[in-house]
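Written out below as structure tokens is the structure these notes cover.
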Amino acid sequence: MEISSKYSPKDIETKWYKEWLDNNLFKSVPDHREPYTIVIPPPNVTGVLHMGHMLNNTIQDVLIRRARMLGKNACWVPGTDHASIATEAKVVAMLKEKGINKKDLTRDEFLAYAWEWKEKYGGIILEQLKKLGCSCDWDRTRFTMEPSLSEAVIDVFIDLHNKGLIYRGSRMVNWDPAGKTAVSDEEVIYKEVDSKLYYIKYFVPNSDEFIMVATTRPETLLGDTAVCANPKDERYKKFIGKTVIVPIVNREVPVIFDEYVDAEFGTGVLKITPAHDINDYNLGIKHKVASIDCFNEDGTMSEAAGFYIGQDRFAVRKQIAKDLAESGHLVKEEAIKNKVGYSERTDAVIEPRISKQWFVDMKKFMALNPEVLESVMSDDINFYPPKLKNTYNHWITNIKDWCISRQLWWGQRIPAWYDDQGNTVVAKTHEEALQLYRKMFPNIPPLGDRGLLLSQDDDVLDTWFSSWLWPISVFDGFKNPENDDISYYYPTNDLVTAPEIMFFWVARMIMSGYEYKKQKPFKNVYYTGIVRDKLRRKMSKSLGNSPDPLVLMDEYGADGVRMGMLLCSPAGNDILFDISQVEQGRNFCNKIWNAYRLVMSWESTSDASEFYKNYSAITNDWIESRLDKAIQEINEHFEKFRLSDALMTLYKFIWDDFCSWYLEIMKPPYGQPIHELALGDVKSIFERLMRLLHPFMPFISEEIRGPLTQNGKNGAIDFINNTSWPAPTQSKEVEYENAFELITLIRNKRNENGISPKVSAKICVSTQLETRYRPFDGIIKKLANVESIDFGKNDKGLKGLVGKDEISIEFVGWEMKAIDQLDLQKEIDYLQGFLTSVEVKLTNEKFLANAKPDLIAKEQQKKTDAESKIKTLQKQLSSISS
RNA sequence: GGGGGCUUAGCUCAGCUGGUUCAGAGCAUCUGCCUUACAAGCAGAGGGUCACUGGUUCGAACCCAGUAGCCCCCA
């Protein structure tokens, strides 16, 4: 059989994914087994796969595949998120290209376009996840805006409203002038930018006296309704009770005083624009000054501003500076750095704005659901890494009300209904709203008589107001709270997500879980870190520093990319993506592939060779016991969610123990067959390794494992997915270390002295325990090119130590030139130092008094060992120098 | 401004309740090899005042305090 020496993943991956789907391997229905559930963090429906998804979903797939092999009924629910702002922005942009303006469309027309868009592009990201090998139960694919999930959202809104947990109020919100919507605090990103501080004179009426104000936002001056200084600030005491004139608009406003003002910053005087700054807003309320909203919803100047009407806020900033300079009001401009909030979705500068919005009263909510905090703090819900508990705690204890309305069309429309007098009812349909309205407002004449119907709120709900229900709604837990799925799969097991959405999503799912299921939504939260480039910059489309995942998988194989993502990604740490890690993954695939080629190339025989008779049993015991240890270690890593460590343990086992040692021992001489039982042993080990590898690298492991198992039952494929996770075999321990060290020693001496591996060696071992070597002598001969092994004293050849045993190595036909006297002396010095440190400990009475007895015994042992080693080395040294 | 975290080999990270000379891994580096599974490889090697200062202890990378630098979150 001719197999290529280079592994080519492409066809193999496509082939197996199709087989897996055709055989319904990822399907899950409730049964008697223990459930193991993961709900996917739903990617944006119009999104494309980025490196963060790759990391996140690889981890989920590793967990779910292993759970399946552990005999659990593993269910990974996929789906997508309707992502109000992002999707609406994309649809608006698409329409713009077609020459259609959103303003010219009715709500229904716009939504028709949006749905069309969703149908066209909505599945792309899920298809990409299949390329990565994700073993989701695709029949369960959900969408946050599909009818039943939307219904759940509306029902929850109504329910919370009825419980008094939702209210509508005028608040200062973060306004996104590009998206023309309010966004939550969590969606604002603060960036440090270079700004200018403008120094502007506000004159006292009919006087040359003025107050100087420093501001970074001169354009908001049109909405100024006061200026404010610190009452302790001596410089401004003379202005108590006075007024000043706001330039340009020539409005007379009071000078007020408040401790809030920092006398050190700028001139120590703040202009107060209650409509456009949260602090000014609070001061405005406190000092009862008026509020003038000088912006339109798109960030242009409003009628109320009185000047520059319709011009953009940033253009006005420049213009107003110019105009103020001309009129002599602008004294100077100063460069400063300040923090400015940007919209996460549109990257527009956020404009604080007062508007009517719907809120969830979080203080009340938390009072009703204290478990939201307790469950995490008491490790009922585990965070990996646990240090993020602190962040969670801090946020929850300082929680703010959640603004849930968005001025968009794409999303669940808020089920609130208004009459023409501002009376509000909350109900699912217009019909129900009318009924409720008549009940609530019996004294208002029937609407019909006034020729009016109730009108529904124009806004939709925040996307997170649907995703916070995800672990329940994907199992239809709202409509049918007792259905088989929700009873079986909820609470889910693990949630894998990024720390940046801890507040957006994780915390809120915990909230909805306790509110609606009286239970936590998941047991473990694994926070992945953010994928960054080597310069620690976040990978993003706009920076162009992110490789295209599909291209990567094409070049390196999905398995290689998966390994690249998993290497070096402990929970909670950012991963610094480097292509070399993916290369390492690809190289690993190739290594495995070649081991496979080797094993498959062996002809087998029933004739037992001498080597087989003498060494197969001990080799088998050795590799089995090593594998036991590796499996235990891997399992421990999994329990602690240390996936990269688990993979690394397996990587080292396959590469070093299996390939470099085991296969080299078992390899028959060129052209000769291997004993059939030995071949069986090799395949058995190899097969288990492929099972262990499967969660990490599902494709190559599946490809290779099949042919390694002879029991392909009547052509039916025996998928790894349906096999079990290998368990330790309780194999016999073998004392192999000395023999293996001896091999390394011989290779080392060859290397040091520039002797070709083809030159054979004769060695002589001086030991009290020949049994440490004898069972391995054929193996030693094979791996270190040794032609004879004797036991006893020998003065000839190069000297070395294995443990306390003295080794003499003669290379056949090689003249020993220099004596490694210096090396010997170096080693003696080292051991002498070591001995001294141990002796210091052992003569320290306090150590003897305080340390545990077994520790003292260990130190004793170290002492005697070191002493005897030194003796041996000194003897060698003297024999050389004599 | 408030809160949290980090600082261990060139890079990325381990180091579990303090106890194998001041310590490990992978990658990278160096040396020698195309030895018929694999050069995407083989056999070896080198490399660290565990940020700094002080304290607790018989004993500190690990515990405590301070200093410096970096990062994240919130305002």
Side-chain angles (χ1 to χ4, degrees), chain A residues 3-7 185-186 188 190 262 278-279 339 341 385 387-395 397-398 400 499-500 502-503 529-530 534 536 556 560 567-570 572-578 580-581 583-602 636-637 640 642 644-645 647-649 651-652 655 659-660 663-664 667 670-671 743-758 783-785 829-841 843-852 854-856 858-859 861-862 865-866:
Chain A
I3 315 176
S4 160
S5 73
K6 294 271 184 287
Y7 175 60
D185 290 343
E186 284 74 26
V188 180
Y190 290 89
D262 178 4
I278 181 67
N279 299 310
K339 291 220 171 154
K387 64 181 178 189
L388 289 174
K389 280 161 69 177
N390 290 328
T391 315
Y392 183 80
N393 184 14
H394 192 252
W395 186 77
T397 45
N398 294 290
K400 305 259 161 47
E500 54 194 354
M502 181 158 100
F503 308 133
I530 296 163
K534 269 174 120 179
R536 288 199 180 267
Y556 294 91
L567 283 173
C568 214
S569 60
N573 279 33
D574 286 358
I575 99 153
L576 271 60
F577 181 82
D578 185 359
S580 72
Q581 286 160 10
E583 271 170 26
Q584 199 183 342
R586 178 202 56 184
N587 295 355
F588 186 42
C589 285
N590 205 47
K591 183 74 185 174
I592 295 166
W593 181 251
N594 278 289
Y596 169 68
R597 281 175 66 214
L598 176 69
V599 171
M600 295 312 282
S601 75
W602 289 339
E636 279 163 26
H637 286 315
K640 292 173 187 159
R642 298 174 169 195
S644 53
D645 290 332
L647 176 58
M648 188 45 70
T649 303
Y651 172 80
K652 283 193 279 191
W655 202 300
C659 290
S660 298
L663 288 183
E664 290 303 326
K667 186 177 4 184
Y670 182 65
I743 293 169
T744 302
L745 177 76
I746 298 165
R747 288 170 171 173
N748 199 346
K749 289 292 172 195
R750 258 206 195 86
N751 242 319
E752 274 174 16
N753 295 288
I755 304 165
S756 162
K758 287 171 185 160
L783 295 195
N785 190 14
D829 292 347
Y830 173 85
L831 283 166
Q832 206 74 58
F834 177 67
L835 185 61
T836 315
S837 82
V838 176
E839 277 170 342
V840 165
K841 248 187 226 178
T843 51
N844 184 335
E845 280 172 34
K846 285 183 175 172
F847 172 73
L848 295 174
N850 293 315
K852 288 177 193 154
D854 59 323
L855 187 76
I856 296 171
K858 250 192 205 167
E859 294 293 320
Q861 186 60 44
K862 275 194 263 176
D865 283 0

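Just so it is clear, the model here is predicted, and its values are computed rather than measured. Below, chain A is the first sequence line, B the second, and so on; all start at residue 1.
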Just by distance, do the side chain of [X] and the backbone of [Y] share a donor-acceptor pair under 3.5 Å?
| X | Y | value |
| --- | --- | --- |
| A:Asn785 | A:Lys758 | yes |
| A:Arg750 | A:Ala784 | yes |
| A:Ser5 | A:Asn594 | no |
| A:Asn398 | A:His394 | yes |
| A:Asn753 | A:Lys749 | yes |

Length of the line joining [X]:[atom1] and [N]:[atom2], which is rounded to integer Å:
| X | N | atom1 | atom2 | result |
| --- | --- | --- | --- | --- |
| A:Glu583 | B:G26 | CD | P | 18 Å |
| A:Phe577 | B:C27 | CZ | C1' | 14 Å |
| A:Asp645 | B:A25 | CG | C1' | 9 Å |
| A:Leu388 | B:C73 | CG | C1' | 10 Å |
| A:Lys758 | B:C34 | NZ | P | 7 Å |
| A:Met600 | B:C38 | CE | P | 17 Å |
| A:Asn594 | B:A37 | CG | P | 10 Å |
| A:Gln584 | B:A25 | CD | C1' | 11 Å |

Taking the [atom1] atom of each, how far is [N] from [M], in whole Å?
| N | M | atom1 | result |
| --- | --- | --- | --- |
| B:G66 | B:C72 | P | 24 Å |
| B:G55 | B:C13 | C1' | 30 Å |
| B:A23 | B:G15 | C1' | 8 Å |
| B:U31 | B:G24 | C1' | 23 Å |
| B:C27 | B:A37 | C1' | 24 Å |
| B:A9 | B:G1 | P | 31 Å |
| B:A61 | B:C50 | P | 8 Å |
| B:C34 | B:C71 | C1' | 47 Å |

Under 4.0 Å between a side-chain N/O of [X] and OP1 or OP2 of [N], yes or no?
| X | N | value |
| --- | --- | --- |
| A:Lys591 | B:A40 | no |
| A:Tyr392 | B:C74 | no |
| A:Arg642 | B:G15 | yes |
| A:Lys400 | B:C74 | no |

Could you measure the distance from the [atom1] atom of [X] to the [atom2] atom of [Y]? Nearest 0.5 Å is fine.
| X | Y | atom1 | atom2 | answer |
| --- | --- | --- | --- | --- |
| A:Trp602 | A:Arg597 | CH2 | CZ | 13.0 Å |
| A:Leu598 | A:Lys667 | CG | NZ | 6.0 Å |
| A:Cys659 | A:Ile592 | SG | CD1 | 8.0 Å |
| A:Tyr556 | A:Gln581 | OH | CD | 12.0 Å |

Yes or no on side chain to side chain contact (heavy atoms under 4.5 Å, CB included) for A:Gln584 and A:Tyr651, after CA distance, side-chain angles and deciding distance?
-> CA-CA 10 Å; A:Gln584 199 183 342; A:Tyr651 172 80; 3.4 Å; yes
Taking B:U35, B:C38, B:G26 as options, the one with an atom nearest any side-chain atom of A:Met648 is B:G26
Nearest to the side chain of A:His394, which nucleotide is it out of B:G26, B:A37, B:G3?
-> B:G3
May I ask you to say what A:Lys667 touches in the nucleic acid, namely base, sugar-phosphate or nothing, with a heavy-atom cut-off under 4.0 Å?
-> base
Pick base, sugar-phosphate or nothing for A:Cys589, based on heavy-atom distances below 4.0 Å to the nucleic acid.
-> nothing
First encountered from the 5' end of RNA chain B, between A:Tyr651 and A:Pro757 = A:Tyr651
Toward the 5' end of RNA chain B, which comes first, A:Lys640 or A:Ala595, by nearest nucleotide?
-> A:Lys640
What pattern of brackets, bars and dots sums up RNA chain B from 5' to 3', given Watson-Crick or G-U wobble pairs under 3.5 Å, [ ] for crossing pairs and | for another strand?
-> (((((((..((((.....[....)))).(((((.......))))).....(((((..]....)))))))))))).
Closest non-hydrogen contact found for A:Asn590 with A:Lys6 is OD1-CA, 3.5 Å
What one-letter contact string describes nucleotides 4-9 of chain B from 5' to 3', where B marks a base within less than 4.0 Å of any protein heavy atom, S marks contact via sugar-phosphate atoms alone, and - marks no contact?
-> SS----
Pairs under 3.5 angstrom, nitrogen or oxygen only, protein versus nucleotides 43-45 of chain B, please.
| residue | atom | partner | partner atom | Å |
| --- | --- | --- | --- | --- |
| B:A43 | O3' | A:Arg747 | NH1 | 3.3 |
| B:A43 | N3 | A:Asn751 | ND2 | 3.3 |
| B:G44 | OP1 | A:Arg747 | NH1 | 3.1 |
| B:G44 | O4' | A:Asn751 | ND2 | 3.3 |
| B:G44 | O2' | A:Asn748 | OD1 | 3.4 |
| B:A45 | OP1 | A:Asn748 | ND2 | 3.4 |

